[in-house]
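So that the names make sense, note that chain A is the first sequence line, chain B the second, and so on, each numbered from 1.
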Amino acid sequence: MHIGEIRAETTKITLFDFDKDRFQEKQIKSVREALPFRDEPSVTWINIDGLHEVEILKDLGDCFGLHPLVMEDILNTENRPKAEDYGNYVFLIANELHYDEKSHEIEKEQISIVFGRNFVLSFQEKEGDVFDPIRDRIRSNKGRVRKMGADYLAYVLLDSIVDNYFVILESLGENIEDLEGTLVSDPSRQSADILHRLKREMISLRRSIWPLREVISGLQRSESPLIQKETGLYLRDVYDHTIQVIDTLESFRDMLSGMLDIYLTSVSNRMNQVMKVLTVIATIFMPLTFIAGVYGMNFKNMPELDWRWSYPLVWLAMLSIAGWMLYSFKKNNWL
Amino acid sequence: MHIGEIRAETTKITLFDFDKDRFQEKQIKSVREALPFRDEPSVTWINIDGLHEVEILKDLGDCFGLHPLVMEDILNTENRPKAEDYGNYVFLIANELHYDEKSHEIEKEQISIVFGRNFVLSFQEKEGDVFDPIRDRIRSNKGRVRKMGADYLAYVLLDSIVDNYFVILESLGENIEDLEGTLVSDPSRQSADILHRLKREMISLRRSIWPLREVISGLQRSESPLIQKETGLYLRDVYDHTIQVIDTLESFRDMLSGMLDIYLTSVSNRMNQVMKVLTVIATIFMPLTFIAGVYGMNFKNMPELDWRWSYPLVWLAMLSIAGWMLYSFKKNNWL
Amino acid sequence: MHIGEIRAETTKITLFDFDKDRFQEKQIKSVREALPFRDEPSVTWINIDGLHEVEILKDLGDCFGLHPLVMEDILNTENRPKAEDYGNYVFLIANELHYDEKSHEIEKEQISIVFGRNFVLSFQEKEGDVFDPIRDRIRSNKGRVRKMGADYLAYVLLDSIVDNYFVILESLGENIEDLEGTLVSDPSRQSADILHRLKREMISLRRSIWPLREVISGLQRSESPLIQKETGLYLRDVYDHTIQVIDTLESFRDMLSGMLDIYLTSVSNRMNQVMKVLTVIATIFMPLTFIAGVYGMNFKNMPELDWRWSYPLVWLAMLSIAGWMLYSFKKNNWL
Amino acid sequence: MHIGEIRAETTKITLFDFDKDRFQEKQIKSVREALPFRDEPSVTWINIDGLHEVEILKDLGDCFGLHPLVMEDILNTENRPKAEDYGNYVFLIANELHYDEKSHEIEKEQISIVFGRNFVLSFQEKEGDVFDPIRDRIRSNKGRVRKMGADYLAYVLLDSIVDNYFVILESLGENIEDLEGTLVSDPSRQSADILHRLKREMISLRRSIWPLREVISGLQRSESPLIQKETGLYLRDVYDHTIQVIDTLESFRDMLSGMLDIYLTSVSNRMNQVMKVLTVIATIFMPLTFIAGVYGMNFKNMPELDWRWSYPLVWLAMLSIAGWMLYSFKKNNWL
Amino acid sequence: MHIGEIRAETTKITLFDFDKDRFQEKQIKSVREALPFRDEPSVTWINIDGLHEVEILKDLGDCFGLHPLVMEDILNTENRPKAEDYGNYVFLIANELHYDEKSHEIEKEQISIVFGRNFVLSFQEKEGDVFDPIRDRIRSNKGRVRKMGADYLAYVLLDSIVDNYFVILESLGENIEDLEGTLVSDPSRQSADILHRLKREMISLRRSIWPLREVISGLQRSESPLIQKETGLYLRDVYDHTIQVIDTLESFRDMLSGMLDIYLTSVSNRMNQVMKVLTVIATIFMPLTFIAGVYGMNFKNMPELDWRWSYPLVWLAMLSIAGWMLYSFKKNNWL
């Protein structure tokens, strides 16, 4: 049973068969077409895009002797990255990530890789393009991929997935730096919302990438005869990259926490600002209004009311009070 | 002695006895009825619902040679999940969880499992339905359960418990997402209360699920001859699921913390909003009231009072002041 | 030298000597009385209440060949729980806790246990009652304690100490739940103080209980010939209990942190409430007072003053303004 | 080169040479005087106070065959505690701490200890008194120090340093408890400053003491033939003390964090209090002032003005409003 | 392909070739000039400043047999510090840091070091001066560098990088102490900004320095025959320094967190101050204004208005009210 969203309309199976000297590329419809390649010594790479046609996948699994638990994990596309050694083959799950620049959302797609002595099977939920450069390398015999075995091809697939993370991190890093600039100059509600959204994205990114570290280190330490010593060196390299991705992610998290602090202190500061305005206004006008109120009283016997200069004198008093208050606010840095 | 709430009225004992070719299902009343099945090579599964009739349980324990400490742990239903290897049998404790959608509360029920070479005993506080699909599988000989041993049956029981966690996590996840939407649009006191309640549920969930990780990994690494190599593969699978549950739980915790931040910033922002309204009102009306107060004074010698256009001029002045203030508030984004 | 408070007036030494078939109980005054029991194969348990009569303790230590460092640790009652294997005997320190319901304070008492092949020495600062049930069990030959060796007796002592923790945790748990109810309904200053006090108690509880985990796991893993294999099973049980105590403690800590959040948000919310009341009052009365002020001005030429219906019209205007403001506050959920 | 403050005016070298039967104490000026003691089997302890006369130290180092890196670490007095095994000798660095009760500051002094088969060298920045009781013990042949080897002497030095930490912790603990009392009764700005200063001191204490744990556990686990088995027991003891110091330090940190929470909640509460006073005043006087304003208007046609009892009635109305408001504030617990 | 900023205009290659007795220094243009030195037993150190002339580097790599992954890591200057043992040579990456006192920014430069039995290659992005003292030491045969092998030279390079960190930490420490003084005396917005910037710098520093710890401890534990036992001692020394750098960094982080707390409490305190001023003003003037308003009412029948002493009596009443309020504020410590 396929668990997860259906993302591709039809299942597309692409077969590559190559060795040092020759290669063959084929769009196939059923597993029967793949059978003859299985038993040849050349490396066979079968890539499947779309996972809802369960029957085809089942046939493929039977053909390559996959354990029912493996098939279940391939079809349930909400697994955590992991690596499992089944003796005749090694089973890997990793997540490919897509970052939608517009909606600021990160989409996750499960990629399952199975590799044995001379075959690699890769399962994607929908047709993607992370593997295109690898196809080109096979076609043009560039790099080492044609010269080495199935384990190296599996490494190359994993490496292209991890390299893609760097692209996403770069976009995220730019967004974070933009946001930081905005937060300092104008700490609006909107910035806080983006901040919280970025934090959430970090949580989901971490869940995809963190377990990959153990996966690759597990592969490295594994004593499977399927992984050649030379490939171990390359795995160390992709392990380093994963650590670097995780490091960057952690600094992003730290930076976002720091930015939340910036936001909150700026909200407090603005509150302070508002309160100061209110206090300045109230402190200046309340005494003045009181004075005006006093001379608005209707007592018969109020000698000041009849004096000639009392009105201008009251104005003078009121202006002095206001002036003195403004001066003392200035001195206390409230203006 | 039974420690914990009494949840079932009578103790119900269900016996399954099966091998590849045949199976038998029986409701039994006393342990004596189970005795003949104990020594046969077929797998015997005895499920007990209700733990307060201590005598029956004691008989059962004696019959299968359980250690007094095991019996004590079965009867005290407030244990932490754990796995212990007693040589002739392995003893497991796990928690089944029920999520009450209405009261938003998670109820915990201890399930104890004991399995030996050819028997499995499972103890539940009350009759539940997580094991029903397993019973169906045994009856209809679906899947692998009839073909494999007691250790596989124990795995299947454990797996059905862990699978049930995903259902609860899904409900919780939906609640959390609903709450997040609510918090952004209307950060009321009620939302904060739900938030705190969800946080508390997380704490109790964690206590139930976290130790399960060690339990299963302990089983995997155990060298008990009771656990066959093939079952080890399946344990790895249920281990992966447990890790996934824990991962999800941790992201939920992170999300809830993030939501508390959202709530607090929104409370601060609303306070800011209220203060701004107050400040705008006070800043506009205090000077105006002061002016009105000045011309309400009763000095004899106030030439303005007698001028023809002074009243409309004062109005003009007051309106200009109010207009200018509104304009400067607008400019400072306070309105 | 005895370091710590003196808590008992006289040192009280109680001696139990037992094997499967017989037992002897004796109140003794000097170590000489204990000597004959030392070299017999039956288990001898000497319990000392009160630690300030250093000479008696020193004699006892010499009699059982205790290392000077052990004697020092027994007398200094501010040690951390620990377990040390001295070859001929094992030395344990644990803390017994007493919870004073009235003052909400947790009192700590150090209990030192030394056990060898056929003796157990236990040192308490003052006469307590945690060990009473054990004495009863020895007297009445209930349970396994008379049938097994000195190591089992030491386990039983340790177990009764850990069981006592559950009692304290239960009281604390009830206090915490009471407080939570209070905090939601009436978040007063007093609740916050109790909250902070409970937090402090958690810190001190943790210091007493946390190291016990390592102590017991150390005993379990120790290869001392003094600890029989059968006793190892029981140690695993008391280890599980300790973990459960620590788990509960950690959830209490998490719950208290959550409650501090509840308290702080409720303080913020009430501040918001107060500010809203102020703002509503000011926003309604400031414009009205301004209007009244305007018509209190003494300009000669104010035609409105002479109009017949102006006074009721002003009232109408003021009531409309107040009504409109109340309506818009209602609409914004400020009332 | 000597890195660090110069704290002693002249370098003072004190030599102790002892075995079970005799001892010799000597103030020496140059290393030449120490030479004859080096090759004798009795234990030689050379204590150096003051580190700026680099030449003397260099001679000493050469005489006892110290590695240049050791000499560098002795002279640079800003090292982290560490223990290094150089085969012929073991090199230790620890920090002695002094707590200045007046300025509430903790001063740090590096103490380097080198011990070989029959010698101990100790280097202090300035003459101190932590080692005085040890000197007395050697002189009067009290305790075990004269009977055992150089490794035991090194342990005794380390132990006296760690014991000194307890004195400092006690002073700090008293300060923290004083502060807690003050914070609850009068949460002033000054208390917050002391709080922050104590937090800073904790950070620096932790840096000095934390690594000591690894140092001593490293010594314990070391298989250097220089450390006899018997001394290992004593090292376990000083290790326990270090753990206890670290534990206490951690609880102090937790308590200080809790106290910061207390302070912040009390600041919030006082703000609430201030706001309530303001709101009560404004809510009572604004309506009253408005009423007074209404009857201060100068409309010709205001029938109330001419009524006989209207003035006392207005007073009555105003007092009723004020009374009703006070009553409703009382009911809402605002007063 | 070179990934990263281009920081040097031309690639500059400096060759040192030395043994105990003689040394040679040479500015070279192509790798061909280096070839004759490669196979001699004397130590050859080739330092490359500037990484964008990829061809030259490639030639060098081929000449010394470097793995393509090593070349890739050298050219991609955004790697994390790491150490890898390739059998014939060991490959190290570290970050040199520059602290710009003016902009308060820390610049990072990747330094790659490759060392084999008798050669060391070091790659810098631009010409720096951290290695100058080492060049002097080689030229003047000071210290041990000429007497020991390539591994010692590599250690010396690493050591000079780590020593440079102390310089940066010192500048940072001074900045932090300055800021702390400022925050206590004048907690302005600017200080908060510097605080947040320092926090960010800590995050990036940590990313550079933290992994170095594992790098050096990896080298220490490595069993590569290229690292002589004597050099292991020196590596332990540079490891200690790295730990000390990390320790200092962690205390800086703790101090910055403490300072954020100081800032926030001082913002709260100032808000409290502002609110108190407002409340004092409002509480004094609102009742007075109300009284003045009462006697400004125009009721016909207001007997007080006609009394002789009523005006001075009202003044007296108002002054008493104000005085009493000031006194009670004083008593409550609000002034």
Side-chain angles (χ1 to χ4, degrees), chain A residues 67-69 72-73 78-80 82 84 86 186 188-189 192-193 195-196 199-200 202-204 206-207 210-211 260 263-264 267-268 270-271 274-275 277-282 284-286 288-299 302 304-312 314-315 318, chain B residues 143-144 166 180 183-184 233-234 236-237 240-241 243-244 247-248 250-255 257-259 261-262 264-266 268-269 271-273 275-276 278-305 325 329 332-334:
Chain A
H67 195 278
L69 282 171
E72 206 182 274
D73 282 338
E78 281 162 10
N79 279 295
R80 211 171 171 268
K82 64 176 175 181
E84 286 174 351
Y86 279 85
D186 166 34
S188 71
R189 189 67 209 272
D193 284 349
L195 187 56
H196 289 300
K199 270 190 130 174
R200 268 201 68 174
M202 287 300 140
I203 295 171
S204 93
R206 243 181 121 211
R207 277 184 70 196
W210 195 262
L260 188 65
Y263 178 73
L264 288 175
V267 166
S268 290
R270 267 186 310 158
M271 177 88 94
V274 171
M275 292 309 302
V277 168
L278 178 61
T279 305
V280 166
I281 289 288
I284 289 173
F285 283 101
M286 279 192 158
L288 303 190
T289 304
F290 163 67
I291 291 172
V294 163
Y295 292 107
M297 293 196 291
N298 297 320
F299 289 109
M302 285 176 72
E304 301 99 310
L305 296 182
D306 303 323
W307 298 347
R308 197 195 166 94
W309 298 108
S310 54
Y311 178 55
V314 161
W315 263 118
M318 294 195 298
Chain B
R144 223 163 295 238
F166 283 105
E180 193 164 34
L183 268 183
V184 167
L233 277 182
Y234 289 98
R236 195 164 68 180
D237 197 57
D240 283 345
H241 290 169
I243 296 290
Q244 208 168 330
D247 262 25
T248 313
E250 291 305 305
S251 342
F252 282 177
R253 276 168 61 98
D254 282 354
M255 279 163 71
S257 296
M259 282 155 72
D261 286 340
I262 294 180
L264 288 175
T265 57
S266 83
S268 290
N269 275 312
M271 176 89 93
N272 246 343
Q273 221 55 42
M275 293 307 303
K276 276 179 184 172
L278 178 60
T279 305
V280 166
I281 289 288
T283 310
I284 289 174
F285 283 101
M286 280 191 156
L288 303 190
T289 304
F290 164 66
I291 291 171
V294 163
Y295 292 107
M297 292 195 293
N298 297 320
F299 289 109
K300 285 268 151 61
N301 185 16
M302 284 176 72
E304 301 98 310
L305 296 182
M325 286 209 160
F329 285 137
N332 285 298
N333 264 324
W334 283 25

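At a 4.5 Å heavy-atom cutoff, the contact between Leu233(B) and chain A is made by backbone and side-chain atoms alike. When heavy atoms are compared at a cutoff of 4.5 Å, Arg80(A) approaches chain B by way of both its backbone and its side chain. Only the side chain of Trp315(A) comes within contact range of chain B, judged by heavy atoms closer than 4.5 Å. For Leu260(A), the part lying near chain B is the side chain, with the backbone staying farther off; criterion is any non-hydrogen pair under 4.5 Å. In this structure, chain B has a heavy atom under 4.5 Å from the side chain of Val314(A), while its backbone stays farther away. Contact annotation for Tyr263(A): only side-chain heavy atoms (C-beta onward) come within less than 4.5 Å of a heavy atom of chain B. Heavy atoms closer than 4.5 Å to chain B are found in the side chain of Leu264(A), but not in its backbone. Both the backbone and the side chain of Asn79(A) come within contact range of chain B, with heavy atoms under 4.5 Å apart. Proximity to chain B is absent for every atom of Met202(A), based on heavy atoms less than 4.5 angstrom apart.
Atoms OH and NE2, on Tyr234(B) and His67(A) in that order, are 4.0 Å from each other to the nearest 0.5 Å. The CE atom of Met275(A) lies 6.5 Å from the OG1 atom of Thr279(B); values are rounded to the nearest 0.5 Å. One distance of note links CD of Gln244(B) with CD of Glu78(A); it measures 8.0 Å at 0.5 Å rounding. Here the CD atom belonging to Glu304(B) is positioned 3.5 Å from the OH atom belonging to Tyr311(A), to the nearest 0.5 angstrom. Distance CG/Asn298(B) to CZ/Phe299(A): 11.5 Å, rounded to 0.5 Å. We find the NE2-OG1 distance between His196(A) and Thr265(B) to be 4.0 Å, quoted to the nearest 0.5 Å.
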Quiz item: When you look at Val294(B) and Met318(A), which way does the side chain to side chain contact (heavy atoms under 4.5 Å, CB included) test go after all the steps?
Solution: CA-CA 10 Å; Val294(B) 163; Met318(A) 294 195 298; 3.9 Å; yes
Self-check item: Step-by-step side chain to side chain contact (heavy atoms under 4.5 Å, CB included) determination, Leu69(A) to Arg236(B)
Solution: CA-CA 10 Å; Leu69(A) 282 171; Arg236(B) 195 164 68 180; over 6 Å; no
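Across all non-hydrogen atoms, the minimal contact from Ile281(A) to Ala282(B) is CG2-O, 4.0 Å. Here the closest non-hydrogen pair linking Arg207(A) and Ser251(B) is CD-OG, 2.7 Å. Ala292(A) and Met297(B) get closest at one heavy-atom pair: O-CG, 3.3 Å. A pairwise comparison of heavy atoms in Arg308(A) and Asn301(B) identifies O-ND2, 2.8 Å as the closest pair. Between Met286(B) and Thr289(A), the closest heavy-atom pair is O-OG1, 4.4 Å.
Two residues are said to be in side-chain contact when any heavy atoms from C-beta on lie closer than 4.5 Å; Asp261(B) and Lys199(A) meet this criterion. For the pair Val267(A)/Asn272(B), a side-chain contact is recorded, criterion being any heavy-atom separation below 4.5 Å from C-beta on. Using a 4.5 Å heavy-atom cutoff, the side chains of Asp247(B) and Arg206(A) are not in contact.
Contact count against chain A (heavy-atom pairs under 4.5 Å) is highest for Thr248(B) among Val280(B), Leu278(B), Thr248(B), Asn332(B). Top candidate by heavy-atom pairs under 4.5 Å with chain A, chosen from Gly293(B), Pro287(B), Gly258(B), Gly296(B), is Pro287(B).
Between Val274(A) and the choices Lys276(B), Gln273(B), Met271(B), the side chain to side chain contact (heavy atoms under 4.5 Å, CB included) rule is met once, by Lys276(B).
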